[in-house]
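Data block below; observations after.
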There are 2 protein chains.
Amino acid sequence: MRVSTRLSDSIHLLAFLNIYADQHLTSDLIASSIETSPVVVRRLMGKLRQAGLITTTPGSAQPALAKPLNQISLLTIFYAVEGDKSLFAVDLKTNPECIVGGNIQTVLQQYYQDAQTAAEARLARTSMQDIVDNILVEQAKKDALSHN
Amino acid sequence: MRVSTRLSDSIHLLAFLNIYADQHLTSDLIASSIETSPVVVRRLMGKLRQAGLITTTPGSAQPALAKPLNQISLLTIFYAVEGDKSLFAVDLKTNPECIVGGNIQTVLQQYYQDAQTAAEARLARTSMQDIVDNILVEQAKKDALSHN
DNA sequence: ACTTCCTGTAACTATATTAATTACTGTGAT
DNA sequence: ATCACAGTAATTAATATAGTTACAGGAAGT
């Protein structure tokens, strides 16, 4: 399948809401930054709203962050848009008659969970404040170079 | 897309080679345990052979582990069959004219790499010896229960 | 009230990644 | 010489995701 960019696009969206808070934030404008369709943006906003990360108003273009940037972690966003998706997939179709096929699913599940938890702990440590800070620093670097 | 089970199937395959080392290990037999096709098994074995994890003989059904179980980590297998695949995908199509779209790829790449490295470190800690040990323990549990 | 702009969703289509299948070449062993 | 099998290319099927189309309904201005 296509690889999911929902986490990346959602982080993008939230950063956009913060940095362009003074603009008329239609799903069309946001979509032009993510380079996707307005419908995809609205779908993502739906998930983020359900997770309590943003507020929106039907019929009116005024989405806004529901919490301070430093209280929104990348892990919260991941859960909001990917649910409990596994990073490593256990093959659920193995031969139960075989010692290996009949037990490997249970065994792998544990190790995969450990690995995923380690990754998630990292995501939990990073907040949208970090993301926005870094975006602005990267932009400042570009601006500095262009003024030579 | 379909979600990849190459890592799980490869671990399965290596465990099978160890536990059933005394059997006539055709790709057909291995496939019956993984519940996949012999061609898929041979393809996986090709990758594992290229990575130096197993040895095979064209025309003859005698695949074997090329190293001791405790010297094969799950991370080595992951690299062998998934290459440098990213667990979290950066959206490479964003608007470079926008402060967010023009910088977020660089920023996310760093945090995603950190998270992936944390997960990989976990995979590196686990060896095929652990996997086989756990499979045999799980099987022993079942055997014990069935003798009540 | 009417119009315009917009959100929220459902339904459908397109795209991309993976596994499965088919088919073939060539090797090893009997 | 034959049979069993690995190795691999080419094609097809399955499935997760993004993108598109369509439409119902809210908000705000006139």
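Proteins come first, then strands; the chains are lettered A, B, ... in the order of their sequence lines, and each starts at number 1.
Every residue meeting the salt bridge (Lys or Arg N to Asp or Glu O under 4.0 Å) condition with Lys141(A), not counting sequence neighbours, appears here in chain and number order: Glu138(A).
For the residue pair Gln110(A) / Asp114(A), no side-chain donor-acceptor distance below 3.5 Å is found, with atom types taken as modelled. In this structure, a donor-acceptor pair under 3.5 Å is present between the side chains of Tyr111(B) and Asn134(A). Side chains of Ser8(B) and Thr5(B): a donor-acceptor N/O pair is absent below 3.5 angstrom, by distance only. A donor atom on one side chain and an acceptor atom on the other are found under 3.5 Å apart for Gln62(B) and Ser60(B).
Residues from residues 24-39 of chain B placing a heavy atom under 4.0 Å of any atom in DNA chain C, listed by number, are Thr36(B), Ser37(B), Val39(B).
With hydrogens and angles disregarded, no donor-acceptor distance shorter than 3.5 Å links the side chain of Ser86(A) to the backbone of Ala89(A). At distances below 3.5 Å, not a single donor-acceptor pair connects side-chain atoms of Lys47(B) with backbone N or O atoms of Arg6(B).
Between Lys93(B) atom NZ and dT17(D) atom P there is a gap of 18 Å when expressed in whole angstrom units. Per the geometry, CE belonging to Met45(A) stands 18 Å off P belonging to dG26(D), to the nearest Å. For Gln50(B) and dG7(D), the CD to C1' distance is 11 Å, given to the nearest whole Å. Atoms CG (Leu44(B)) and C1' (dA6(D)) sit 14 Å apart, rounded to a whole Å. Taking atom CG on Leu92(B) and atom P on dT15(C), their separation rounds to 19 Å, with Å as the unit. Rounded to whole Å, atom P of dT9(C) lies 13 Å from atom CG of Leu48(A). Rounded to whole Å, atom P of dT7(C) lies 11 Å from atom CG of Leu13(A).
At the phosphate of dC5(D), neither OP1 nor OP2 sits under 4.0 Å from any side-chain N or O atom of Thr57(B). Phosphate proximity of dT9(C) to Arg42(A): absent, as no side-chain N or O sits under 4.0 Å from OP1 or OP2.
When distances run from any side-chain atom of Arg2(A) to the nucleotides dT8(D), dG28(C), dA16(C), the shortest one goes to dA16(C). Among the nucleotides dA20(C), dA18(D), dT8(D), the one closest to the side chain of Arg49(B) is dT8(D).
Along DNA chain D, the nucleotide nearest to Glu82(A) and the one nearest to Gln62(B) differ in position, and the one closer to the 5' end is contacted by Gln62(B).
Arg6(A) comes within 4.0 angstrom of the backbone, heavy atoms only, and of no base.
For dA9(D), its base never sits under 3.5 Å from the side chain of Arg43(B) at any donor and acceptor pair.
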